[in-house]
Amino acid sequence: MAISSLSDELRASTRAAHDRLERLPFALSLAAGSLPIESYVGYLRAMAVLHAVMEHELPVEAEERIDAIWRDGMRRLPALHRDLAHFAPQDLGHIPAAQRAADEVANRLLLRSAEAPLSMLGYLYVLEGSILGAAVLKSQAERAFALDPVHGLCYLGQDARAGRQRWQGFRQRLDGLALSAEEGAAVEAAAIEAFAGIESVLRALYPFDREALVRAPTALNP
Ligand code: HEM
């Protein structure tokens with residue numbers, strides 16, 4: 001019987017969740033060029049919350065198997081900050097339900113950091129993997145919002161070839177880890193949890209109630 005790698009298992013166990021994301025009104029509307037800019041910027045804000053937690057917690061975990069995976073150059077928060085700085089002058093309203101959903105995901109991630117740090121790699125798998133799909137989302141956002149790569153597309157805008165190389169390296173490192181069956185299952189459960197959390201963020205981001213939009217001066221400091 002062939003033994004599948006951790007990354008293959010993660011892909012298999014999250015495929016249905018990923019397919020669901022692609023069929024959400026957020027994704028369909030972005031593809032159709034009709035997504036409101038508040039939803040797109042809300043996505044960047046939500047991802048900034050998740051990346052801020054991930055990129056703060058992972059490097060300080062006392063776990064050598066996390067050290068074997070994490071590289072400082074994997075940080076994506078700086079790109080998110082560049083994008084959010086671009087949109088800041090527009091003072092776009094925040095979608096409170098999406099902020100709450102992002103906070104909930106971030107809290108679950110923090111809980112894992114405290115109780116089962118290694119399982120954070122499941123979240124990292126989901127965020128790293130999103131770079132692959134970002135190439136698709138990037139061209140959709142570029143068209144829909146008339147953006148150029150340095151103005152609002154930094155997070156999605158990594159060069160596709162570099163993104164693939166980065167993904168191959170990440171997968172190799174992940175598949176080289178020695179994990180017990182229990183640890184592997186915890187990473188998998190975390191990846192499924194991450195997708196579920198991100199789905200709740202995307203559902204809140206579109207459609208949304210325009211009357212409920214709020215202004216938040218902390219936009220640049222998630
Ligand atoms: C909503 C619209 C989305 C579209 C159209 C999309 C599209 C894609 C595509 C085309 C790939 C495969 C690329 C390839 O193998 O060549 C991919 C992979 C992936 N995407 Fe998405 N994606 C979307 C959203 C997301 C989001 C929001 C996340 C998580 C934050 C995500 C996480 C992943 C992961 C983890 C993989 C890698 C799966 C694997 O091969 O192990 N995607 N996506």
Side-chain angles (χ1 to χ4, degrees), residues 4-36 39-55 69 74-77 79-80 83 95 98 101-102 104-106 108-109 119-145 153 155-175 177 184 187-207 222:
S4 60
S5 65
L6 176 60
S7 63
D8 284 340
E9 284 185 14
L10 287 169
R11 176 192 282 149
S13 57
T14 58
R15 177 162 293 164
H18 188 281
D19 289 352
R20 255 197 324 276
L21 289 191
E22 292 189 60
R23 289 193 302 268
L24 290 178
F26 178 97
L28 300 178
S29 165
L30 178 62
S34 56
L35 189 75
S39 299
Y40 175 66
V41 174
Y43 178 67
L44 299 175
R45 287 170 178 156
M47 297 316 275
V49 173
L50 299 196
H51 281 280
V53 173
M54 179 73 82
E55 294 169 21
I69 302 285
M74 288 167 75
R75 290 182 189 281
R76 296 174 73 203
L77 192 56
L80 283 160
D83 287 339
I95 302 168
E104 278 172 29
V105 187
R108 282 195 284 273
L109 189 53
S119 75
M120 293 176 81
L121 294 179
Y123 275 73
L124 187 61
Y125 161 81
V126 175
L127 294 181
E128 275 295 295
S130 76
I131 294 176
L132 294 178
V136 179
L137 303 186
K138 178 195 167 192
S139 49
Q140 294 173 347
E142 198 169 7
R143 270 197 310 275
F145 308 119
L153 279 176
Y155 179 63
L156 296 179
Q158 174 153 29
D159 168 66
R161 203 163 145 217
R164 288 210 164 273
Q165 276 174 358
R166 173 175 169 153
W167 178 243
Q168 287 316 326
F170 174 73
R171 279 190 62 173
Q172 272 168 17
R173 298 199 297 284
L174 201 62
D175 293 339
L177 286 184
V187 172
E188 216 169 297
I192 292 168
E193 180 183 286
F195 265 116
I198 289 166
E199 178 176 337
S200 66
V201 171
L202 296 186
R203 283 187 186 281
L205 283 170
Y206 186 78

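When a ligand or atom number is given, it counts from 1 through the structure's own listing order.
No side-chain heavy atom of E193 sits less than 4.5 Å from a side-chain heavy atom of L109. The closest side-chain heavy-atom distance from L24 to Y206 is not below 4.5 Å. Taking the side chain as every heavy atom from C-beta outward, Y125 and L6 never approach each other to under 4.5 Å. No side-chain heavy atom of R75 sits under 4.5 Å from any side-chain heavy atom of H51.
The CG atom of L174 sits 10.5 Å away from atom CG of D8, with the distance rounded to the nearest 0.5 Å. Taking CE of M74 as the reference point, atom CZ of R76 lies at 9.5 Å (rounded to 0.5 Å). Between the CG atom of L177 and the OG atom of S7 there is a distance of 10.5 Å, given to the nearest 0.5 Å.
When the options A31, A12, G133 are ranked by their closest heavy atom to atom 11 (C) of ligand 1, first place goes to G133. With atom 28 (C) of ligand 1 as the reference point, the heavy atom nearest to it among S130, G129, A46 is part of S130.
Y125 OH, 3.4 Å is the protein heavy atom nearest to atom 38 (C) of ligand 1. Nearest non-hydrogen protein atom to atom 26 (C) of ligand 1 is L21 CD1, 3.6 Å. Of all protein heavy atoms, the one closest to atom 4 (C) of ligand 1 is E22 CG, 3.8 Å. Of all protein heavy atoms, the one closest to atom 1 (C) of ligand 1 is A27 CB, 3.6 Å. Nearest protein heavy-atom contact of atom 10 (C) of ligand 1 is V136 CG2, 4.1 Å. Here the heavy atom of the protein found nearest to atom 21 (Fe) of ligand 1 is H18 NE2, 2.1 Å. The nearest protein atom to atom 14 (C) of ligand 1, hydrogens excluded, is given as R164 NH2, 3.2 Å; this is a heavy-atom distance. Scanning the protein heavy atoms around atom 13 (C) of ligand 1, the nearest turns out to be L132 CB, 3.6 Å.
A tilted orientation is assigned to the rings of Y43 and F26, their planes being inclined by 30° to 60°. Between F195 and H18, the ring-plane angle classifies as perpendicular under the 30° and 60° cut-offs.
At a heavy-atom distance under 4.0 Å, only side-chain atoms of Y43, from C-beta outward, approach ligand 1. If you look at V126 next to ligand 1, the close heavy atoms, those under 4.0 Å, come from the backbone and the side chain alike. Residue contacts with ligand 1, taken as heavy atom pairs separated by less than 4.0 Å, involve L137 solely via side-chain atoms from C-beta onward.
Within the 4.0 Å heavy-atom shell around ligand 1 one does not find F26.
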